[in-house]
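Contents: one structure, followed by commentary.
Chain letters run A, B, ... following the sequence lines, proteins first, then strands; residues in each count from 1. Remember, it's a predicted structure, so these values are computed and weren't measured experimentally.
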2 protein chains.
Amino acid sequence: MTVVTFWSRRPAAKVGSGYNDPVNSALERPSPRTVLASSTLLGSLAPEQIDALLEHSRLAQAGRGEVIWMDGSEASYLGIVGTGFVKMVRSSAGGQELTAEIMGPGQSFGLLGAIEGTGCPLSARAVSAVWYLRVPKTDFLALYGGNLPLRDHLIRRTTLRLRGAIDMMSRMASGRVEHRIAAVLIQLAESYGVEEADGAMRLEVPLSRQDLAELAGTTVETTIRITSRWTKQGVLKAQYRSLTIQNLGRLLEILGD
Amino acid sequence: MTVVTFWSRRPAAKVGSGYNDPVNSALERPSPRTVLASSTLLGSLAPEQIDALLEHSRLAQAGRGEVIWMDGSEASYLGIVGTGFVKMVRSSAGGQELTAEIMGPGQSFGLLGAIEGTGCPLSARAVSAVWYLRVPKTDFLALYGGNLPLRDHLIRRTTLRLRGAIDMMSRMASGRVEHRIAAVLIQLAESYGVEEADGAMRLEVPLSRQDLAELAGTTVETTIRITSRWTKQGVLKAQYRSLTIQNLGRLLEILGD
DNA sequence: TGCGAACCATGACCGTCGTCACATTCTGGA
DNA sequence: TCCAGAATGTGACGACGGTCATGGTTCGCA
C-alpha cells in the first residue's frame with residue numbers, strides 16, 4: 001500500500017500543462033497490454049476479460065506537474081499507472097493542497113469515484129512524466145458487477161487504505177514537523193525504496209522539497225531546513241529532486257522520539 | 001457517517017474501570033433485539049437471520065471512560081451501540097491518543113477487525129455510560145459470507161468512511177487549532193446535533209473539553225481558551241460536559257477563514 | 001554556452017500554541 | 001450536607017514553525 005497521507009499549507013503550484021513537453025519525454029511509451037498486465041488490481045483477470053477491457057482503453061500521458069483530473073469532476077475512466085508517478089491531491093479552501101497518496105507503476109487511481117457514481121474526491125496530478133492507461137468506468141463496472149473475486153479484492157484494498165490512513169494519522173499525531181517528515185520518508189521508503197550498492201535507500205520517486213512538504217503538511221522552507229540538517233548528519237542524502245535515505249534507523253528513532 | 005477524525009497530544013486519561021459505577025447508571029437496559037433492530041448495518045436483515053444472530057449475542061455495559069477493548073487485541077465480537085456513545089481511539093507512541101470516530105446508538109464498531117482476521121486497529125472506549133450488544137465475529141462472518149447485499153452495504157460504508165477521513169483531513173489542513181475545533185464541532189453537529197427550542201444545536205454527546213481536545217488534536221488548555229472565547233461571543237454555549245452551538249454560520253465562517 | 005525558471009538554501013521576525021502552575025467551579029457519592 | 005476529585009478557567013513563558021526577504025544552484029532549452 002501507498003497511503004502517504006497529509007496536507008500542505010501553500011497555494012497550489014502552478015499547473016504545468018506542457019511546461020515539460022511530454023512529447024520529448026525520455027520515457028518510452030509502454031503498450032496498453034503491458035500496463036494492464038502489471039496492474040495489481042486487474043492484472044490477474046482472465047485473458048478474454050483483459051481483451052474486453054483493452055478494447056476501449058487508451059494510453060495517455062501527462063507532463064510533470066500536469067493535472068490529470070480535478071477533484072469533484074466526473075472522470076469517465078479510472079487510471080492505471082504505466083510508468084512514472086501520480087499524486088492524489090485534495091485541495092481545500094484557501095488554496096492549500098493535501099497529498100493523500102502517491103501511486104506508482106501498476107497502481108490504479110480513481111477507484112472510489114468509479115465504484116460510486118460520485119466524482120473522485122481527489123485530484124490526480126503527475127509527479128513526474130507519466131504514461132497511464134485510461135480504463136472506461138462503464139467497462140470496469142460491467143466486469144466488476146459479476147466478478148466476486150474482484151469485489152473481494154476491492155474490499156480488502158479499501159479497508160487497507162482506511163487502515164493505512166488511520167495509521168498515518170497516528171504517526172502524524174505529534175505536532176512536530178520533524179516527526180511528520182520522518183513518517184513520510186519511511187512510508188515512501190517502504191513503497192518506493194530501492195537498495196543502493198552502499199546499502200542506502202534511494203526513493204525512485206523524483207520528489208522536490210515542495211512535494212515532500214505537501215506530503216508532510218508543512219512549508220518548503222521548514223522542509224528544506226530539516227532535510228539539510230539531516231544531510232549534514234548523514235541521515236539523508238538530499239539532492240536535486242531526489243532523496244536517498246542513508247540511515248533509516250535514525251529516522252525510526254526520530255519517530256519514536 | 002460519523003467520521004470525526006483526529007489526534008491528541010496528551011497521555012491517555014486514566015482508565016475508568018468502574019469509577020462511574022455502571023450498575024447504578026441512570027440508563028435503562030435495552031433489549032438485545034431492540035439494539036439489533038436499530039442497527040444501521042444489520043437492522044434490515046431477515047427475521048430468521050436476526051434470530052440467529054441474537055442467539056449468541058450478549059448485551060454488555062461500560063462506564064464512562066471505561067475501555068471496551070484495546071487496539072491490537074483480538075476482539076472476538078463486534079459491537080453495536082444501544083444507548084450512549086463510544087469513541088474509537090488510536091493510541092500512538094508517546095501516550096498520545098487520537099480519536100478517530102464517535103459512534104452513537106445504532107452504529108457498529110470493530111468491523112474492520114471482524115472482516116479481516118487481524119485485530120482492530122483502534123481501541124474502543126466509552127464516552128458516556130453505554131449499553132452495547134456483542135455480536136460474535138463467527139456468527140457475523142457466517143452471515144456475511146453468503147449475503148451479497150450486506151457485502152455491498154459494507155463496501156459503501158467503508159468507502160464512505162475513507163472519503164470522510166480524507167475530507168476531514170483536508171478540513172484540518174490548516175494548522176490553526178481554531179479551524180480544527182470548528183471542523184470537529186460542525187462534524188459533530190451533523191451527526192449528533194439536536195435542535196433546541198431557541199434554534200441552537202445541542203450536541204447530545206456529553207463531551208468534556210478534554211474529549212473535544214482529543215478530537216481536534218490539541219490540548220485541553222487551548223480548547224478551553226477557544227471555547228470560552230466563543231462562549232463570550234455567543235457562538236457557543238459551553239457548559240459542564242456539554243456543548244451547544246448557537247451560531248453555526250459563524251463556525252462555518254471560521255472554517256472558510 | 002548562456003539564459004531563464006524552477007529549485008535549494010539561509011537568516012530575521014513574530015504569532016500560535018504547548019507547557020507549567022495555580023485558582024475556581026461543578027458533581028457524584030458517602 | 002459535605003468533600004474529594006474531576007472539570008473548567010486563566011496567566012506567564014518560550015519554542016516551534018510559518019512568513020518574508022534575499023541569494024546561490026541546478027536544470028532544460030535555445
Side-chain angles (χ1 to χ4, degrees), chain A residues 7-11 13-16 18-26 63-65 94 96 127-129 173-181 206-214 216-232 236-243 257, chain B residues 7-11 13-16 18-26 63-65 94-96 127-129 173-181 206-214 216-232 236-243:
Chain A
W7 65 74
S8 154
R9 295 230 156 73
R10 275 294 163 81
K14 99 171 56 71
V15 174
Y19 71 62
N20 177 0
D21 188 1
V23 177
N24 292 337
S25 165
R64 176 182 148 74
Q96 290 149 359
V127 173
S128 60
S174 156
R176 307 276 316 281
V177 168
E178 200 175 28
H179 290 208
R180 302 213 293 266
I181 293 183
L207 290 178
S208 69
R209 304 291 183 279
Q210 173 67 51
D211 292 326
L212 187 57
E214 276 175 31
T218 181
T219 57
V220 212
E221 293 92 330
T222 304
T223 305
I224 287 175
R225 272 184 249 275
I226 290 174
T227 52
S228 298
R229 189 166 72 237
W230 284 347
T231 298
K232 278 168 199 153
L236 203 67
K237 201 158 61 186
Q239 293 148 312
Y240 191 85
R241 275 195 208 161
S242 153
L243 297 165
D257 229 351
Chain B
W7 65 74
S8 153
R9 296 234 153 71
R10 274 296 162 81
K14 97 169 58 72
V15 174
Y19 72 62
N20 178 1
D21 188 2
V23 175
N24 292 338
S25 165
R64 177 182 145 74
Q96 291 147 0
V127 173
S128 61
S174 156
R176 307 277 317 279
V177 168
E178 199 175 31
H179 289 209
R180 302 213 294 267
I181 293 184
L207 289 178
S208 69
R209 305 291 183 281
Q210 172 68 50
D211 293 325
L212 187 57
E214 277 175 31
T218 182
T219 57
V220 212
E221 293 92 332
T222 304
T223 305
I224 286 175
R225 272 184 249 276
I226 291 174
T227 52
S228 297
R229 189 166 72 238
W230 284 348
T231 298
K232 278 168 198 153
L236 202 66
K237 201 158 61 185
Q239 295 149 311
Y240 192 84
R241 277 195 206 160
S242 154
L243 297 165

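Annotation: the terminal axes of the helix from dT1(C)-dA30(D) to dA30(C)-dT1(D) meet at 50°, where each axis is the rotation carrying the C1' atoms of four end pairs onto the next four (5 pairs per end, rounded to 10°).
Spacing between atom CD of Glu178(A) and atom P of dG18(C) amounts to 18 Å, rounded to whole angstrom units. Between the CD atom of Glu221(B) and the P atom of dC13(D) there is a distance of 17 Å, rounded to whole Å. To the nearest angstrom, C1' of dG18(D) lies 14 Å from NE2 of His179(B). Distance Ile181(A) CD1 to dG17(D) C1': 11 Å, rounded to the nearest Å. Whole-Å rounding puts the Gln210(B) CD to dG5(D) C1' distance at 15 Å. Atoms CZ (Arg180(A)) and C1' (dG18(D)) sit 12 Å apart, rounded to a whole Å.
Under the rule for a side-chain hydrogen bond (donor to acceptor under 3.5 Å, both in side chains), the partners of Ser242(B) that lie at least two apart in sequence or sit in another chain are Gln239(B). With sequence neighbours left out, the side-chain hydrogen bond (donor to acceptor under 3.5 Å, both in side chains) criterion links Thr231(A) to no other residue.
Looking at Arg209(B), its side chain never comes within 3.5 Å of a backbone N or O of Val220(B) through a donor-acceptor pair. Listed for the Arg241(A) side chain is no donor-acceptor partner under 3.5 Å among the backbone atoms of Leu207(A).
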Between the protein and nucleotides 22-25 of chain C, list the N/O to N/O atom pairs that are separated by less than 3.5 angstrom.
none

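Atoms OG1 and CD, from Thr219(A) and Gln210(A) in turn, are 9.0 Å apart once rounded to the nearest 0.5 Å. Interatomic distance, Thr222(B) OG1 to Leu212(B) CG, rounded to the nearest 0.5 Å: 11.5 Å.
Between Lys232(A) and dT10(C), a side-chain N or O to OP1/OP2 separation shorter than 4.0 Å is present. Of the side-chain N and O atoms in Thr218(B), none sit less than 4.0 angstrom from OP1 or OP2 of dC17(C). Neither OP1 nor OP2 of dT10(C) sits under 4.0 Å from any side-chain N or O of Arg209(A). Residue Ser208(A) has no polar side-chain atom (N or O) positioned under 4.0 Å from OP1 or OP2 of dC7(C). Phosphate proximity of dC7(C) to Arg64(A): present, with a side-chain N or O under 4.0 Å from OP1 or OP2.
Remark: of the listed residues Ile181(A), Ile226(A), Thr227(A), Thr227(A) is the sole one forming a side chain to side chain contact (heavy atoms under 4.5 Å, CB included) with Leu236(A).
Considering only the side chain of Arg241(A), dC8(C) comes nearest among dA7(D), dC20(D), dC8(C). Minimum atom distance to the side chain of Arg176(A) is reached by dG17(D), of the listed dC7(C), dG17(D), dG18(D).
The stretch residues 222-231 of chain A touches DNA chain D through Thr222(A), Arg225(A), each having a heavy atom within less than 4.0 Å of the strand.
Here the shortest heavy-atom pairing between Arg180(A) and Thr218(A) reads NH2-CB, 4.4 Å. Of all non-hydrogen atoms in Arg64(B) and Pro206(B), the two that sit nearest each other are NH1-O, 4.2 Å.
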Arg229(B) vs Arg225(B), test: side chain to side chain contact (heavy atoms under 4.5 Å, CB included). Steps then yes/no.
CA-CA 6 Å; Arg229(B) 189 166 72 238; Arg225(B) 272 184 249 276; 5.5 Å; no
